[in-house]
2 protein chains.
Amino acid sequence: MTRQLPDRRFLGDLRRLLPQERVVTAAPTLAALSRDQTEMLEPGSALAAAFPVSTEEVAALQRCASEHRVPVVPRGAGTGLAGGATAVDGCLILSLMRMDRIIEIDREDLVAVVQPGVINATLAGAVARAGLFYPPDPSSFEISSIGGNLATNAGGLRCVKYGVTREATLGLEIVLADGAVLRTGHRSVKGVAGYDLTALFVGSEGTLGVITEATLRLRTAPPPPGTLLASFRSLPYAAQATARITAAGAAPSVLELIDRTTIRAIEDWQHLGLDTNAAAILIARSDTPDYGRSELDLVAVACREAGAVDILRATDEFESEGLMAARRAALPALERLGMTLLEDVAVPRGRVVDLVAAVEEIAERHAMTIGTFGHVGDGNLHPTFVMPRGDPDARSRAALAAEELLRTTLDLGGTLTGEHGIGLLKRHLLGEELGSVGLQASRAIKQALDPLGILNPGKVLAPDS
Amino acid sequence: MTRQLPDRRFLGDLRRLLPQERVVTAAPTLAALSRDQTEMLEPGSALAAAFPVSTEEVAALQRCASEHRVPVVPRGAGTGLAGGATAVDGCLILSLMRMDRIIEIDREDLVAVVQPGVINATLAGAVARAGLFYPPDPSSFEISSIGGNLATNAGGLRCVKYGVTREATLGLEIVLADGAVLRTGHRSVKGVAGYDLTALFVGSEGTLGVITEATLRLRTAPPPPGTLLASFRSLPYAAQATARITAAGAAPSVLELIDRTTIRAIEDWQHLGLDTNAAAILIARSDTPDYGRSELDLVAVACREAGAVDILRATDEFESEGLMAARRAALPALERLGMTLLEDVAVPRGRVVDLVAAVEEIAERHAMTIGTFGHVGDGNLHPTFVMPRGDPDARSRAALAAEELLRTTLDLGGTLTGEHGIGLLKRHLLGEELGSVGLQASRAIKQALDPLGILNPGKVLAPDS
């Protein structure tokens, strides 16, 4: 306990910076704030949590943390799936959730300026009421914060047409490790003045700086989408259909896949009338002005040519949401079957069949249930390992099987994570994807921007060995 | 001449690395290789130029340059407009133009893997023959290299719909200052493993590493575009039309503006039948499957509502190219009038009218001809200062006026450069855009990746003062 005295000094300084009610040291609250949604990880023991309400306060907290060499773990809504917000021993948890203002929505410039604690759905709603559109829609959109979306470069269903969070980010305000306030990017759509610091901070999982404001790119709201659901007797047929849809020049705003295991889990639960003999379902949406009709015609032809046995098309908005319900039920349906480990791999478009085959092979060999669903149009799938509850070994067996899957993904030219991040969960594998030079370059950048190593230490980059 | 002996040693080592015909020291050749298309800059005196043909050779050259502390100026086709490829004293010019192979075009994964010396048009043509599409199309596409496009994060006409070079880049192979070979990114569309090094190197103008290979994102080829040309009696009407086009939900694949000065220069030269009383022309293209008809209908309505006096629509591909000819003639038409300084500013979408008004005010106050044209849909315009030939002061007066314009652009929330880069030309102003913290963070990253400061020194970031 050699830290005890310095820790007390730090807490004293902390309490001078923020009003009492915005500094928390009570153990139960700290425990709750020490986790995100990555069940498999055990958090460290935090010193305190702070809830700043302004950039100036965040800067003051970072100066204080720097002075005392106290690690800082920034935190949004805590919906992360890779342990990016997991507390480390002796840290200050920096919650950005009190900074939750939408500062402006500008219809002429087509931008929104927001604080990090705004919930994605809150922003999307406010933007929609202005007749505009904020595309990034991670499945967690109803509960995840924009700050967290930025920190992980979150994806979502509509990314296949509109790009991920990075593509929607024009500029950032960031508090650096030492408390300096950095502004990156611009309010214009284009701009190449200096290094692309905006892109560097997006997806850096709180290890390079704390995002305190973002200028986001909006679009004119598209018409309500039409939806199509196609069933296939074999997974390769569904993958084939995906390739044909793209080749036909269609650009659906959503293109999702659900495999047999997941279909059956959904159907057992929700009785939506899905074909439980199907090996896979594709769900496509189009938001072209004719309610997606002409584009979904192309999609339908592509699916039929690829061997779809059944094609459903929604004829109105109500039916359209009904078809999407199947996709929305995918993860909760699998979660009913046991504990889950949600994977997040992405491969080149042409390798989706190989990826799904690898998942099936791994499931069989490990005698394990794996349901796969996700953003097939982008090659980004979420194989979900389902473990029986009350089986003490299941977790470690699933982790092992998942690691095999990750290595296979790399062999297929893919990546360890399409949209969730590295966090703590996958940092031990990062070197296999980046290579030693990539790891070294990343460490050099981390060292340049956070020389004391106090920002979310141990996340993304494992401690030097 | 204290460098003379070490320089001779460096040249000796250089000649051991590459065959004789790929190391050049002849003064006339070096002089030609010491410039890009930034007329206003005087290059330094280079030691030698090298033409590597492989990543291994680039790595060996960088190791050698590191050992001898010789600055390296990487170079593509030399079409840069900000002095990014201007030689510095005592440098090795590293031409990537012999590395000009298209390694693969993959129709399933929708990627191209290319070396940096491939000309943009060569790649675009090869991709088109495979039924695919590489969107980034800087106006220099027939003569500029992909490596240069990547180094500057080049834009172009189709970026308004398809994004700039960064958005088309999935991964890079880079030789770092010390010769280490870094691979960034992935072949999948999505991926968030580690820092976004790909985006960091794109647009870094050869100051952080030498790009030796790129994995580029392709799309299915869209149908041939339809084209519309609308004439306006006032510039604000044209800007208004641009906003209405976006608000109507149209996503033209090209949306360009040409102002009165430029219209008259084009008409005097090419006699295309443009309305020389018009204050501005908008040219829009759409590549939707119906030859852009439905989308150009929306554009036409928006233009008419904003007060267009004349709207021409091409009814076939031949006419379509005819209307585009006006835009393509813009810069050469202005160049006929005298020496030119092509600016490259970008503002938030809603500030285009203010930007154009500022250009007119500056033109009048300085009694100077400035023709403006460019990518109005992105807020990225190219005010072009025309100087009478044989007027010795014209250049410095234009440079002063341009600097006023750049400062006004920053005041409007815009950026010093939308797509050309900072290079040498604008480095003295970069701090005004980035702020001192931004400049410091950029320097820290440069220092982390190029500790000896040998990669394109003095570009983007001015020497420390």
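Scope of the values below: all heavy atoms of this structure, side chains included, with no hydrogens, waters or symmetry mates. Quick note on labels: first sequence line is chain A, next is B, and so on, each numbered from 1.
- The CG atom of Leu110(A) sits 12.5 Å away from the CG atom of Leu216(A) when rounded to the nearest 0.5 Å.
- One side chain, Thr55(B) or Glu173(B), offers a donor N or O that lies under 3.5 Å from an acceptor on the other.
- For the set Thr415(A), Leu430(A), Asp109(A), the count of heavy-atom pairs under 4.5 angstrom toward chain B peaks at Asp109(A).
- Proximity to chain A is limited to the side chain of Arg217(B), based on heavy atoms less than 4.5 angstrom apart.
- Contact tally against chain A (heavy-atom pairs below 4.5 Å) for Ala221(B), Gly414(B), Ala346(B): the top residue is Ala346(B).
- Surrounding CD of Glu104(B) are more than 12 heavy atoms belonging to other residues, nucleotides or ligands, all under 6.0 Å away.
- Smallest separation of non-hydrogen atoms from Leu416(B) and Glu433(B): N-OE1, 2.8 Å.
- The greatest number of non-hydrogen atom pairs below 4.5 Å with chain B, out of Thr198(A), Val189(A), Leu197(A), is found for Val189(A).
- Listed options Asn153(A), Asn380(A), Leu412(A) were ranked by heavy-atom pairs under 4.5 angstrom with chain B; first place goes to Asn380(A).
- Annotation: Phe133(B) is in aromatic contact with Tyr162(B) [ring centroid separation under 6.0 Å].
- The distance from the CG atom of Leu157(A) to the NE2 atom of His375(A) is 5.5 Å, given to the nearest 0.5 Å.
- Only the side chain of Leu449(A) comes within less than 4.5 Å of a heavy atom in chain B; its backbone stays farther off.
- Of the listed residues Val160(A), Asp106(A), Val347(A), the one with more heavy-atom pairs under 4.5 angstrom with chain B than any other is Val347(A).
- Salt bridge annotation for Lys190(B)-Glu419(A): present, with a cationic side-chain nitrogen under 4.0 angstrom from a carboxylate oxygen.
- Of the two parts of Leu461(B), only the side chain, counted from C-beta on, holds a non-hydrogen atom closer than 4.5 Å to a non-hydrogen atom of chain A.
- Salt bridge Glu432(B)/Lys426(B): absent, no basic N to carboxylate O contact under 4.0 Å.
- In terms of heavy-atom pairs under 4.5 angstrom with chain A, the leader among Ala82(B), Gly155(B), Gly194(B) is Gly194(B).
- For Ala193(B), the parts lying under 4.5 angstrom from a heavy atom of chain A are both the backbone and the side chain.
- If you measure heavy-atom distances from Arg183(B) to chain A, the contacts under 4.5 Å come from the backbone alone.
- When the candidates Gly191(B), Gly438(B), Ala444(B) are compared by the number of heavy-atom contacts under 4.5 Å with chain A, Gly191(B) comes out ahead.
- Chain A forms more heavy-atom pairs under 4.5 Å with one residue of Gly171(B), Gly203(B), Ala441(B), Ala180(B) than with any other, namely Ala441(B).
- Looking at Thr184(B), neither its backbone nor its side chain comes within 4.5 Å of chain A, counting heavy atoms on both sides.
- Only the backbone of Thr152(B) comes within less than 4.5 Å of a heavy atom in chain A; its side chain stays farther off.
- The two atoms that bring Ile105(A) and Ala130(A) nearest to each other are CG2-CB, 4.1 Å, heavy atoms only.
- When heavy atoms are compared at a cutoff of 4.5 Å, Leu176(B) approaches chain A solely by way of its side chain, counted from C-beta outward.
- In this structure, a donor-acceptor pair under 3.5 Å is absent between the side chains of Thr165(B) and Asn149(B).
- Side-chain contact, Asn456(A) with Thr207(A): no donor N or O sits under 3.5 Å from an acceptor N or O.
- Most heavy-atom pairs under 4.5 Å with chain B, from the set Leu132(A), Leu429(A), Val181(A): that is Val181(A).
- By the 4.5 Å heavy-atom criterion applied to side chains, Val299(B) and Arg244(B) are not counted as neighbours.
- In terms of heavy-atom pairs under 4.5 Å with chain A, the best-connected choice from Arg187(B), Arg427(B), His186(B) is Arg187(B).
- Contact count versus chain B (heavy atoms, under 4.5 Å) is highest, among Val437(A), Val192(A), Thr220(A), Asp378(A), for Val192(A).
- Looking at Arg166(A), both its backbone and its side chain come within 4.5 Å of chain B, counting heavy atoms on both sides.
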